[in-house]
Amino acid sequence: MKAQNKKTPIYWSLFNNENWNLYIAATEKGLCYVGSQNKPFEELSDWAAKRFPGNNLVENNEKLNIYAEELKEYFGGKRKNFTVPFDYHGTDFQVAVWNALCEIPFGETKSYSDIANYINKPAAVRAVGAAIGANPVLITVPCHRVLGKNGSLTGYRGGLEMKTQLLDLERK
């Protein structure tokens, strides 16, 4: 994954909604990070140091409000698709996988093989898994909707408990 050299502030906020507590971050261009449930600030700061070296993390609840509002609507059952802009950076392959994840409808799941086929790389199932694991914007780029070929829950950056909670939320 390529680190971004351009000096730009990364605005962050702690999203709190009922039982959900996670860090979110955005650049001027869009949402660039959604963290794992109940993880410390260091998860965000470590990610930012790797992806945006030399840039400042700036707490700014106002700038993150548009993203927090869509997450709140999602958790409240009022939103099925996110419309906020994204500013994620990765290899062309990773971006293709992340874009494919955004095509999985709310409440539905796909397998890693389905995603590999969707991006016309049927032999790249393991690479698809690695790209999904590198997804910086959990929930909004719905990697939680990807299951093992047999329908089993598989790895998730936020942990399998968080993945289960998100899938259950979408089944209601």
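- In this structure, Lys72 and Arg79 have side chains that are not in contact, with every pair of non-hydrogen atoms separated by 4.5 Å or more.
- For an aromatic pair to be called close, the ring centres must be under 6.0 Å apart, and Tyr74 with Phe82 satisfies this.
- Ring centroid separation for the pair Trp98 and Phe86 does not come in under the 6.0 Å cut-off.
- Distance check, rounded to the nearest 0.5 Å: NZ of Lys149 to OG of Ser113 gives 4.5 Å.
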Take Ile132 and Val97, measure what side-chain contact (heavy atoms from CB on, under 4.5 Å) needs, and give me the verdict at the end.
CA-CA 7 Å; Ile132 289 172; Val97 169; 3.6 Å; yes

Take Asp92 and Val95 through the test side-chain contact (heavy atoms from CB on, under 4.5 Å) and record every step on the way to the result.
CA-CA 5 Å; Asp92 290 345; Val95 171; 5.9 Å; no

Step by step, work out the side-chain contact (heavy atoms from CB on, under 4.5 Å) result for Val141 and Tyr88.
CA-CA 10 Å; Val141 173; Tyr88 49 67; 3.8 Å; yes

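- Aromatic ring centres of Tyr33 and Tyr23: separated by at least 6.0 Å.
- Considering OG of Ser36 and CG of Leu138, their distance stands at 5.0 Å, rounded to 0.5 Å.
- With contacts defined as side-chain heavy-atom distances shorter than 4.5 Å, the pair Val125/Ile115 does not qualify.
- Rounding to the nearest 0.5 Å gives a distance of 13.5 Å between CD of Glu69 and OH of Tyr67.
- Using a 4.5 Å heavy-atom cutoff, the side chains of Leu31 and Asp87 are not in contact.
- For Gln94 and His89, the side-chain atoms include no donor-acceptor pair closer than 3.5 Å.
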Verdict with supporting geometry, Glu28 and Lys63, salt bridge (charged side-chain N to carboxylate O under 4.0 Å, His left out)
CA-CA 9 Å; Glu28 292 290 345; Lys63 281 204 180 277; 3.4 Å; yes

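- Side-chain contact between Ile139 and Leu71 is present, with heavy atoms from C-beta onward closer than 4.5 Å.
- Using a cutoff of 4.0 Å between basic side-chain nitrogens and carboxylate oxygens, Glu170 and Arg145 are scored as salt-bridged.
- Residues Leu22 and Asn38 are not in side-chain contact: their nearest non-hydrogen atoms beyond the backbone lie 4.5 Å or more apart.
- One N or O on the side chain of Asn150 and one on the backbone of Ser152 form a donor-acceptor pair closer than 3.5 Å.
- Contact of the Leu153 side chain with the Lys163 side chain is registered, since non-hydrogen atoms from C-beta on lie closer than 4.5 Å.
- Pairing each heavy atom of Val137 with each of Cys32, the nearest pair is CG1-C, 3.4 Å.
- Between Ile119 and Val128, some side-chain heavy-atom pair lies under the 4.5 Å cut-off.
- Nearest heavy atoms, Val34 versus Arg157: O-NH2, 2.9 Å.
- In terms of heavy-atom proximity, Ala48 sits nearest to Ile10 at CB-CD1, 4.2 Å.
- For the residue pair Glu59 and Ser13, no side-chain donor N or O sits within less than 3.5 Å of a side-chain acceptor on the partner.
- Note that the CG atom of Leu169 and the OG1 atom of Thr164 stand 12.5 Å from one another [nearest 0.5 Å].
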Phe41 vs Leu57, test: side-chain contact (heavy atoms from CB on, under 4.5 Å). Steps then yes/no.
CA-CA 11 Å; Phe41 180 77; Leu57 283 170; 3.8 Å; yes

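- Between Phe75 and Trp20, the ring planes are parallel. Angles under 30° get that label, and only those over 60° would be called perpendicular.
- For the atom pair CG of Leu64 and CD1 of Ile24, the computed distance is 4.5 Å after rounding to the nearest 0.5 Å.
- Pro136 approaches Trp47 most closely through the heavy-atom pair CB-NE1, 3.8 Å.
- At least one side-chain heavy atom of Tyr156 sits less than 4.5 Å from a side-chain heavy atom of Met162.
- Using a 4.0 Å cut-off between a side-chain N of Lys or Arg and a carboxylate O of Asp or Glu, Lys78 and Glu73 do not qualify as a salt bridge.
- Surrounding CG of Asp168 are more than 12 heavy atoms belonging to other residues, nucleotides or ligands, all under 6.0 Å away.
- Atom-to-atom distance recorded for Asn65:CG and Phe15:CZ is 10.5 Å, nearest 0.5 angstrom.
- Of the possible polar contacts, none joining the Asp114 side chain to the Lys110 backbone as a donor-acceptor pair under 3.5 Å is found.
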